[in-house]
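A, B, ... follow the sequence lines: proteins, then strands. Residue 1 opens every chain.
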Number of protein chains: 2
Amino acid sequence: MCQVIGYARLMRSPSSSEARGSSLPSEGPPTGPWLEPEQLVAWKRLVAVIELIPGVLDAQLRRDSGLTHFEYFVLAMLSEAPEWTLRMTGLAQQTNASLTRLSHVVRRLEDRGLVTRFPCPEDGRATNARLTDDGHQVLVAAAPGHVSTVREHVIDALTPEQVSELSEIAAALLRRLDPAGRLAVAVE
Amino acid sequence: MCQVIGYARLMRSPSSSEARGSSLPSEGPPTGPWLEPEQLVAWKRLVAVIELIPGVLDAQLRRDSGLTHFEYFVLAMLSEAPEWTLRMTGLAQQTNASLTRLSHVVRRLEDRGLVTRFPCPEDGRATNARLTDDGHQVLVAAAPGHVSTVREHVIDALTPEQVSELSEIAAALLRRLDPAGRLAVAVE
DNA sequence: AGTGATTACTTGATGTGTCAAGTAATCGGT
DNA sequence: ACCGATTACTTGACACATCAAGTAATCACT
């Protein structure tokens, strides 16, 4: 009933009664089933950041513009495309979303008149999504507040060196998380 | 109808027709309503990472252990506490969650027999959550696979230097995102 | 001891994401 | 020209998160 196993211990317990992974001992960083204390701290902090950032972004955008961050991002990607138009599949890739999720979101945006959908002339299977003028206005109105939030909560919290370190770190993570490299944010 | 304004342009447009924020020109990093190109790339990559990591974690844990990452984290925090017991409020702080969210999750975990709830003896308003033996077994069984996922998708994608840079960056972000410093991950 | 404010939590309604399944058009052979 | 496989997307059911509101105990005063 007393304190036996904790998260930290689970993550770096030396009692590897289960030697899984049969890890090659030759890789660059130390590889094994458990995490080093420093790795564990980094991971826990990253988890906390990942848990908190969406809430901050969504709260501000919802309050000031009635948009989720994902909706904002969808509108923004469309506004960048020629003719304000993209195929659903392309839009899904640029927003790191499943086609299912995008389909639901675009339908809701269409209901609100911010986007229109129409069949793609070149491929009968495909659907195009286009930003409407209303959608563009909403986006332009939302942008300054959103950018301020990003600056205040993220960019301005870091030194310029940290910003470029973060950029490289995120690029490295994306290469693992999305091996197909289908992402909008080219990891050049 | 042609390409007028895009996400990148929205985020760093030089036409600051709206000079908001009346930014002090003296702060360390350049401060203004728009983002520099390098900042923009870093931000977009971070957004992609934040969008993708939860899916990776949830998919593996769900598949192998029938748990969400958040549920795993809740069980892990309890397993670290004395008597495997924490007040709901304390548990919410350690998991960066709202009390509402935690209440729903703990109820579901209780329905599955992984956690029990009982009134706190010292404070009639408070509720204690305690890990059950079943919950502990589920947690211990889930841990190795989860840690492997974290290693493979995150830690091993980075050099040791990047891991420590990430740790510092996340700490800096948490100081902004959680000024009250209520988090489990002490940003010492 | 009584009253208002605060704390700690729960509950129900609503919205969004995910999964599984379905539809429809196109491609790749033969 | 046909037919199976793939691609592109939609839909409906379900799970989870959030918000607003409610309950109940405790605290701070007077």
Kindly indicate, with the supporting measurements, whether the criterion side-chain contact (heavy atoms from CB on, under 4.5 Å) is fulfilled by B:S148 and B:R151. CA-CA 5 Å; B:S148 291; B:R151 289 200 70 93; 5.6 Å; no
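- Rounded to an integer number of Å, the gap from B:L102 CG to D:dT18 P is 12 Å.
- Using a cut-off of 4.0 Å between Lys/Arg side-chain N and Asp/Glu carboxylate O, A:E71 and A:R112 are scored as salt-bridged.
- Residue B:E51 contributes atom CD, which lies 15 Å from atom P of C:dT16 at whole-angstrom precision.
- One can find a donor-acceptor pair under 3.5 Å joining the base of D:dG12 and the side-chain atoms of A:H104.
- Atom CG of B:L99 and atom C1' of C:dT6 are 14 Å apart (whole Å).
- Residue B:R107 has no polar side-chain atom (N or O) positioned under 4.0 Å from OP1 or OP2 of D:dA17.
- In this model, the phosphate group of C:dT16 is approached by a side-chain N or O of A:R108 to a distance below 4.0 Å at OP1 or OP2.
- For A:R125, the side-chain atoms get nearest to D:dT6 when compared with the rest of D:dG12, D:dT18, D:dT6.
- Put simply, the residue from A:L78, A:L67, A:D133 that forms a side-chain contact (heavy atoms from CB on, under 4.5 Å) with A:L114 is A:L67.
- Using a 4.5 Å cut-off on side-chain heavy atoms (C-beta onward), B:R45 and B:V41 make contact.
- Residue contacts for A:T100: at a heavy-atom cut-off of 4.0 Å it reaches a base atom on one of the strands shown.
- Each of A:R62 and A:S103 has a nearest nucleotide on DNA chain D; the 5'-most of these lies closest to A:S103.
- By the 30° and 60° cut-offs, the orientation of the rings of A:H146 relative to A:Y72 is tilted.
- If you check every strand for non-hydrogen atoms under 4.0 Å, B:D123 touches sugar and phosphate atoms only.
- C:dT16 atom P lies 11 Å from atom CG of A:D111, rounded to whole Å.
- Here D:dT18 presents its P atom at 16 Å from NE2 of A:H69, a figure rounded to the nearest Å.
- Rounding to whole angstrom units, CG of residue A:N96 and C1' of C:dG17 are separated by 15 Å.
- For D:dT10, the OP1/OP2 oxygens have a side-chain nitrogen or oxygen of A:R117 closer than 4.0 Å.
- Annotation: of the two residues near DNA chain D, A:M88 and A:A59, the 5′-most nearest-nucleotide partner is A:M88.
- The side chain of B:V105 lies closest to D:dA17 when the candidates are D:dA17, C:dA8, D:dC16.
- For B:N128 and C:dA8, the CG to P distance is 13 Å, given to the nearest whole Å.
- Protein atom CZ of A:R101 is 19 Å distant from nucleotide atom P of D:dT11, rounded to whole Å.
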